[in-house]
Amino acid sequence: MEQMDDIFSGLNDRQSEAVRNVDGPCLVIAGAGSGKTRVLTYRIAYLLSLGVPAYNILALTFTNKAAAEMKERISRLVGEDVARNLKMGTFHSIFAKILRMESAALPGYDSNFTILDTDDVKKQITQIITSLNLDKDTYKASKIASIISKAKNDMILSENYEGSSMWQLDRMNGMPAVASVYKEYSQTCRKTNSMDFDDLLLLTKLLFSMNPAVLEKYQRLFRYILVDEYQDTNSCQYQIIRMLAHPDNNLCVVGDDAQSIYSFRGAKIENILNFSKDYPSYKLFKLEQNYRSTQMIVNAANSLIMKNKRQIPKKTFSEQECGEKIKIVETPTDAEEGIRVATMISSLIDNGEQYSDCAILYRTNAQSRILEEAMHKKRIPCKIVKGMSFFQRKEIKDLVSYVRVIINPQDELALMRIINYPARSIGSTTVEKLTTLAKNYNLGLWDVMCQVERTGSLFPTATKTKILGFVALMQEFMASRQEADAYSLLNRIVEKIGIREALQKEYTHEEAHEREQNILELLNGAKEFVEDELDPESIYLHNYMEKIALLTDIDEEDTENPNKVLLMTVHAAKGLEFKHCFIVGMEENLFPSLQVDSASEREMEEERRLFYVALTRAKQTVTISYALTRRKWGDLIASAPSRFLSELDEEYVDGLKKMSRFDADTQSFGDYSARQGGFSSYGTQRRGQTSFGEHNSFRSGGSFGQYGASKPQQFSSPTRNTGFSSAPEKPFAHYGENTQKQQQPQTIIPSNPNDIAVGQRVLHAKFGVGTVKEKMGEDANMAVIIAFNNWGEKKLLLKFAKLQIVEN
DNA sequence: TATAATGCCGCATGG
DNA sequence: CGGCATTATA
């Protein structure tokens with residue numbers, strides 16, 4: 001216990017209470033940078049010190065990174081020997097292990113099931129859509145995949161899908177056959193002994209709810225449960241936790257509702273908001289002191305997040321230095337934005353900072369390329385985190401597919417991938433015949449291949465020989481998978497199938513070399529895995545596969561120069577911290593994303609939380625930038641500053657005032673377009689998105705004043721420099737109305753703009769009724785300032801505003 | 001059957 | 001623009 005006293009001396013009072021309170025339900029609201037991981041690890045150490053066996057403690061995280069960090073920190077506290085026995089890992093990995101153990105209770109599955117990644121799922125669904133003769137334009141695989149995923153997150157099984165509200169929605173959207181695709185997909189998964197990521201959760205939920213004895217076994221095993229990032233749990237995870245914690249409810253959930261950013265994959269912020277209802281005897285601990293960021297950053301972030309209505313009240317604060325104000329930077333183009341950021345980083349370096357002190361955060365991965373280019377231009381070493389995941393690379397997927405088939409021969413996605421790669425003359429006609437046979441005899445593709453001798457004269461002898469040769473090759477691997485360790489077997493596979501030779505043939509020298517390096521890296525990973533594994537029973541290929549199936553990236557920092565600027569999405573940055581953060585692309589239709597429905601408060605609040613996450617990654621400085629124009633699919637489009645910028649309290653921000661107003665008088669936007677010269681060229685218009693060119697239109701939502709109508713708009717005037725209204729004098733003066741009233745768009749019969757006069761009462765689709773205060777500019781640039789009842793004064797361009805004169 | 005050429009479509013966010 | 005799937009051609 002003396003050791004424990006030391007531990008407590010490193011904690012503040014709140015943290016210490018949260019650590020000591022081990023019995024019963026407990027909710028720890030951990031603000032950004034408040035020492036969340038510290039509390040979790042110390043709590044586990046404390047439990048161990050009380051005599052709770054390690055194997056009785058279950059700790060669930062969302063990311064491998066978080067799990068690894070926690071493992072390491074606990075090992076340091078209690079030693080590796082003890083820490084090894086903790087049940088700690090991501091939801092997906094822990095549940096996958098349980099499902100393998102209990103596969104006997106899962107109809108259709110055995111313990112060797114394959115875990116499908118998103119690409120596999122899409123491929124599988126594409127096949128099903130084709131086989132059901134559905135129109136692949138109406139039924140887009142990615143869309144269907146996300147519908148099915150959503151159904152699974154909401155625990156709607158394929159057999160119950162028909163008649164559900166989702167099914168009704170499909171019908172309204174002209175996709176009544178999603179139900180059949182879902183059914184067929186589930187059957188295929190079972191037939192091929194495969195599960196997707198959602199199944200790992202859903203099937204665990206089903207396993208427990210349908211097998212009380214199994215559930216009880218795990219309830220007894222997991223006597224103390226800790227859940228990290230509870231605000232990101234979905235319905236499935238929530239239910240499983242609830243079941244497992246029963247009846248003692250020694251459940252400690254840690255999270256921050258202000259950082260809930262995963263609703264797109266089913267996370268329900270209600271889970272954390274309603275914890276008190278689910279567990280009335282719960283204890284609440286709020287960690288509100290931020291040890292990471294300057295006061296300026298914490299205050300600015302608070303000023304933003306207070307705009308969200310749905311949240312647990314808390315006041316985070318910092319006792320660090322006051323710090324510099326947040327800087328806002330405007331550039332004419334996205335390319336220049338990158339250069340500006342690079343220049344700023346260079347001057348930080350000149351002042352003695354390290355590259356690794358800096359991170360560039362963006363909303364979408366698509367932004368990474370141009371930033372990377374800018375870094376290269378300015379000779380700044382950088383690394384894109386998760387640009388393309390290691391395991392997504394073609395050569396790795398190919399090799400992994402061999403492993404998948406060796407472990408699970410029913411895995412047809414993998415089998416199809418490798419059946420003729422590297423080329424072995426089993427072409428598409430042959431494969432087609434084989435799949436037809438499989439269908440007719442209701443067998444797996446692999447089974448048919450094994451029995452190809454019995455197919456009479458269907459195949460030429462040469463073809464039969466090829467097939468049998470492949471079968472023999474694979475069987476040889478299968479036979480040794482319990483004997484040879486993962487590394488030696490993988491090595492043998494690489495040699496025998498001749499994948500390196502195939503790469504040499506396929507690609508140029510350099511590219512082939514790079515791809516070979518990736519293969520070698522996978523081999524190295526396997527070698528490390530085998531060497532590090534202490535349990536001699538867990539060094540086999542399926543053990544390694546289990547590990548990598550749930551990995552999305554590989555750590556390669558150890559050997560390389562770690563002093564690099566990191567580029568990543570805000571989502572990827574969650575949980576990390578950097579001395580200097582550059583948040584780029586802070587524009588309407590990018591951040592907040594184009595995809596979010598401006599009218600949906602729920603979605604907008606999540607975007608705001610995402611911005612909050614971005615801000616709170618920084619320890620010392622935050623620089624936010626946006627570009628006035630941006631290339632998308634090669635087309636130039638206009639952007640307006642993000643509405644979130646105006647939501648930051650001016651007190652903590654530099655540059656808010658200087659932001660581009662685009663108003664008629666300054667001609668600022670016109671200047672840019674002239675200088676860029678790009679606007680006058682002809683672009684193409686696709687799918688309702690407009691680019692500069694034939695319509696000289698732009699899809700920006702306009703400025704703060706107009707953001708209610710921020711979806712891409714099409715304007716038909718050749719002048720574009722005045723397409724934005726000016727920012728309101730007091731950006732937040734009318735905030736309350738903005739978020740609280742979801743006004744129904746009103747039907748507007750636009751009056752002749754020439755009839756609009758000062759003093760007149762007018763109706764606007766978004767802003768409702770207001771009085772015309774001032775009329776300015778001339779002709780096409782004619783603008784009016786209108787005082788709206790609920791939205792304050794707005795400056796609108798007459799030709800776009802669609803105003804209806806209201807008779808008094 | 002293998003490779004080159006063309007065409008289409010995508011940009012959320014991730015385990 | 002760039003990746004991937006389908007088609008054209010040898």
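Only a predicted model underlies this, so the values are computations on that prediction, with no experimental measurement involved. Numbered from 1 within each chain, the chains take letters A, B, ... in sequence-line order.
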Hey, is A:Tyr262 stacking on B:dT13? Ring centres under 5.5 Å, planes under 30°.
no
When the nearest nucleotide of DNA chain B is assigned to A:Ser428 and to A:Arg363 on a heavy-atom basis, which residue is associated with the more 5' position?
A:Ser428
Hits for side chain to side chain donor-acceptor pair (under 3.5 Å) against A:Thr114, two or more places apart or cross-chain, chain-then-number order -> A:Asn408, A:Asp411
DNA chain B in dot-bracket form (Watson-Crick or G-U pairs under 3.5 Å, [ ] crossing, | inter-strand) is ||||||||||.....
Selected nucleotide, minimal atom distance to A:Asp137 side chain, candidates B:dC9, B:dA12, B:dG14
B:dC9
Tell me the closest heavy-atom pair linking A:Arg630 and A:Ala627, and the distance in Å.
NH2-CB, 4.1 Å
What orientation do A:Tyr544 and A:Phe529 show, parallel under 30°, tilted 30 to 60°, or perpendicular over 60°?
tilted
Give me each pair satisfying salt bridge (Lys or Arg N to Asp or Glu O under 4.0 Å) with a member in residues 197-207 of chain A, each pair once, sequence neighbours excluded.
A:Lys152-A:Asp199
Between the main-chain N or O of A:Arg643 and the side-chain N or O of A:Glu588, is there a donor-acceptor pair closer than 3.5 Å?
yes
Under 4.0 Å, heavy atom to any atom of DNA chain B: which of residues 414-425 of chain A qualify?
A:Asn420
Can you tell me which residue among A:Arg417, A:Arg515, A:Arg393 is in a side chain to side chain donor-acceptor pair (under 3.5 Å) with A:Asp398?
A:Arg417
Length of the line joining A:Phe591:CZ and B:dC11:P, which is rounded to integer Å:
19 Å
Is A:Arg609 paired with A:Glu606 through a side-chain N to carboxylate O contact shorter than 4.0 Å?
yes
Would you kindly compare A:Ala366 and A:Ala572 by the position of their nearest DNA chain B nucleotide and give the one closer to the 5′ end?
A:Ala366
Checking contacts here: which listed nucleotide (B:dA12, B:dG15, C:dC1) is nearest the side-chain heavy atoms of A:Trp633?
C:dC1
Integer-rounded Å distance: B:dC11 P and A:Ile637 CD1:
15 Å
Do other residues, nucleotides or ligands put more than 12 heavy atoms under 6.0 Å from the NZ atom of A:Lys466?
no
With heavy atoms under 4.0 Å as the rule, sort A:Phe62 into base, sugar-phosphate or nothing.
sugar-phosphate
With heavy atoms under 4.0 Å as the rule, sort A:Thr430 into base, sugar-phosphate or nothing.
sugar-phosphate
Are there over 12 heavy-atom neighbours, none belonging to A:Lys150, within less than 6.0 Å of that residue's NZ?
no
Between atom CD in A:Gln595 and atom C1' in B:dG10, what is the gap in whole Å?
10 Å
Would you mind reading off the distance between A:Asp198 atom CG and B:dG14 atom C1', rounded to a whole angstrom?
11 Å
Sugar-phosphate, base or nothing in reach of A:Glu607, heavy atoms under 4.0 Å
base
State whether A:Lys65 places a side-chain N or O below 4.0 Å from either non-bridging phosphate oxygen (OP1 or OP2) of B:dG15.
no
Does A:Thr63 reach a base, just sugar-phosphate, or nothing at all? Heavy atoms under 4.0 Å.
sugar-phosphate
Look at the side-chain N and O atoms of A:Arg369 and state whether any lies under 4.0 Å from the OP1 or OP2 oxygen of C:dG2.
yes
Tell me the interatomic distance from A:Ile370, atom CD1, to B:dC11, atom C1', rounded to whole angstroms.
14 Å
Is A:Asn365 near enough to B:dA12 that one of its side-chain N or O atoms lies under 4.0 angstrom from OP1 or OP2?
no
Within the structure shown, what part of the strands sits under 4.0 Å from A:Asp117 by heavy-atom distance: base, sugar-phosphate, or nothing?
nothing
Measure the distance from CD on A:Gln392 to P on B:dG15 and round it to the nearest whole Å.
11 Å
Taking ring pair (Phe, Tyr, Trp, His ring centres under 6.0 Å) as the test, write out the residues that go with A:Phe62, two or more places apart.
A:Phe91
If you only use heavy atoms from C-beta on, which nucleotide in B:dG14, B:dG15, B:dA12 is closest to the side chain of A:Ser593?
B:dA12
According to ring pair (Phe, Tyr, Trp, His ring centres under 6.0 Å), who are the partners of A:Tyr182, at least two apart in sequence or on a separate chain?
A:Tyr161
Side chain of A:Phe264 only, heavy atoms from C-beta on: which candidate in B:dT13, B:dG10, B:dC9 is closest?
B:dT13
Pairwise C1' distance for C:dC4 and B:dT13, with rounding to whole Å:
23 Å
Measure from CG on A:Asp635 to C1' on B:dC9 and round the result to the nearest Å.
13 Å
Distance check needed: B:dG14 P versus A:His571 NE2, whole Å only.
7 Å
Would you say B:dG15 has OP1 or OP2 under 4.0 Å from some side-chain N or O of A:Thr118?
no
